[in-house]
Asker: 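Handing you a structure now.
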Amino acid sequence: MAFDLPDLPYAHDALAAHGMSKETLEYHHDLHHKAYVDNGNKLISGTEWEGKSLEEIIKGTYDAGAVAQSGIFNNISQLWNHNQFWEMMSPNSGAMPGELEKAIVDSFGSVDEFKSQFSAAGAGQFGSGWAWLVKDTDGGLKVTKTENGVNPLCFGQTALLGCDVWEHSYYIDYRNKRPAYLTNFLDNLVNWENVASRM
Ligand code: FE2
């Protein structure tokens, strides 16, 4: 069975007042995410990966030693990354649930320190990629950054929060100001209930 492009969990204009425009979501979800779905389906068709889950394909095709990843990995991992990304944002960002705040303070010392490390990871990712808050294999929380479509599943980690730092995610609204996009993401867009539910 082919993979589908999931609908956004909110209207295209729902995040506009919170720093992500309708135009960005129209391009990012309707064109970029859709392209990963269409290309991913095309590339796995007739291969050993047809009928496997996104997670199985990502873990099975990630090559830790490769400079560049395969087309199947790139498209299927980006399909999964964007499925998570839309769910990780909300027009009602809300307060951080207590259990999540406690885990963040335990691992980073403070919420501000976590935000600062997360922003630095996103701003410091050279070229396209993602900034992540992950639950590591030892159970602790950690901030990481990955290139292109690589994600925490590749390292056996749980993705709690991810921020897309490909230019297509911020250029319409922020032009070249990736740090401003990251600050707004953390302050106004994150669905903290969703992040907590992933722990
Ligand atoms: Fe993206």
Side-chain angles (χ1 to χ4, degrees), residues 3-16 18-44 54-55 57-58 61-62 68-91 93 118-134 143-155 157-191 194-195 198:
F3 296 114
D4 292 322
L5 175 69
D7 289 335
L8 287 173
Y10 29 74
H12 285 79
D13 61 1
L15 305 181
H18 309 279
M20 189 172 280
S21 67
K22 182 180 180 210
E23 188 183 4
T24 287
L25 285 175
E26 285 170 348
Y27 273 88
H28 200 172
H29 173 269
D30 302 2
L31 300 178
H32 289 280
H33 193 179
K34 182 174 191 299
Y36 297 129
V37 174
D38 292 345
N39 290 331
N41 281 330
K42 216 173 290 171
L43 288 165
I44 62 170
L54 293 174
E55 290 79 1
I57 301 171
I58 290 166
T61 58
Y62 175 64
Q69 300 294 326
S70 69
I72 289 180
F73 174 84
N74 286 333
N75 283 280
I76 295 296
S77 61
Q78 281 289 79
L79 197 178
W80 184 89
N81 291 347
H82 288 81
N83 286 357
Q84 315 309 310
F85 186 50
W86 311 133
E87 302 282 344
M88 290 164 170
M89 295 188 287
S90 167
S93 180
F118 190 93
S119 292
Q125 171 55 37
F126 186 74
S128 298
W130 294 75
W132 302 97
L133 171 67
V134 303
V143 163
T144 67
K145 61 184 180 189
T146 57
E147 60 184 9
N148 299 320
V150 177
N151 66 43
L153 291 176
C154 303
F155 313 107
Q157 301 162 329
T158 304
L160 303 183
L161 177 65
C163 185
D164 188 341
V165 298
W166 287 58
E167 285 188 347
H168 66 223
S169 193
Y170 62 86
Y171 220 83
I172 290 171
D173 298 324
Y174 297 88
R175 298 302 171 192
N176 61 330
K177 297 184 179 65
R178 192 194 282 184
Y181 158 76
L182 282 154
T183 299
N184 179 72
F185 175 80
L186 289 168
D187 289 346
N188 300 312
L189 283 170
V190 176
N191 182 345
N194 180 271
V195 176
R198 294 164 181 271

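These numbers come from a predicted model, not from an experiment. In listed order, ligands and their atoms are each counted from 1. Computed from heavy atoms alone, side chains included, the values below leave out hydrogens, waters and symmetry copies.
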Asker: Rounded to 10°, how big is the angle at the Fe ion (ligand 1) from His82 NE2 to His168 NE2?
Answerer: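 Taking the Fe ion (ligand 1) as the apex, the two atoms subtend 140°.
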Asker: Identify whether the distance between the nearest side-chain nitrogen and carboxylate oxygen of Lys42 and Asp38 falls below 4.0 Å.
Answerer: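 No, Lys42 and Asp38 are not salt-bridged.
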Asker: For the side chain of Trp132 and the backbone of Asn151, is there at least one donor-acceptor N/O pair under 3.5 Å apart?
Answerer: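 Checking the backbone N and O of Asn151 against the side chain of Trp132, no donor-acceptor pair under 3.5 Å is found.
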Asker: Need the atom name: nearest N/O/S atom of His28 to the Fe ion (ligand 1).
Answerer: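 For His28, the N, O or S atom at the smallest distance from the Fe ion (ligand 1) is NE2.
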Asker: Measure from the Fe ion (ligand 1) to every N/O/S atom of Asp164 and report the name of the nearest one.
Answerer: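 Within Asp164, restricted to N, O or S, the Fe ion (ligand 1) is closest to atom OD2.
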Asker: Could you check if a side-chain atom of Tyr170 sits within less than 4.5 angstrom of a side-chain atom of Met20, using non-hydrogen atoms only?
Answerer: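 No - every pair of side-chain heavy atoms lies 4.5 Å or more apart.
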Asker: For side-chain contact (heavy atoms from CB on, under 4.5 Å), just list the numbers for Asn74 and Tyr36, CA-CA rounded to whole Å, side-chain angles, deciding distance to a tenth of an Å, and then say yes or no.
Answerer: CA-CA 8 Å; Asn74 286 333; Tyr36 297 129; over 6 Å; no
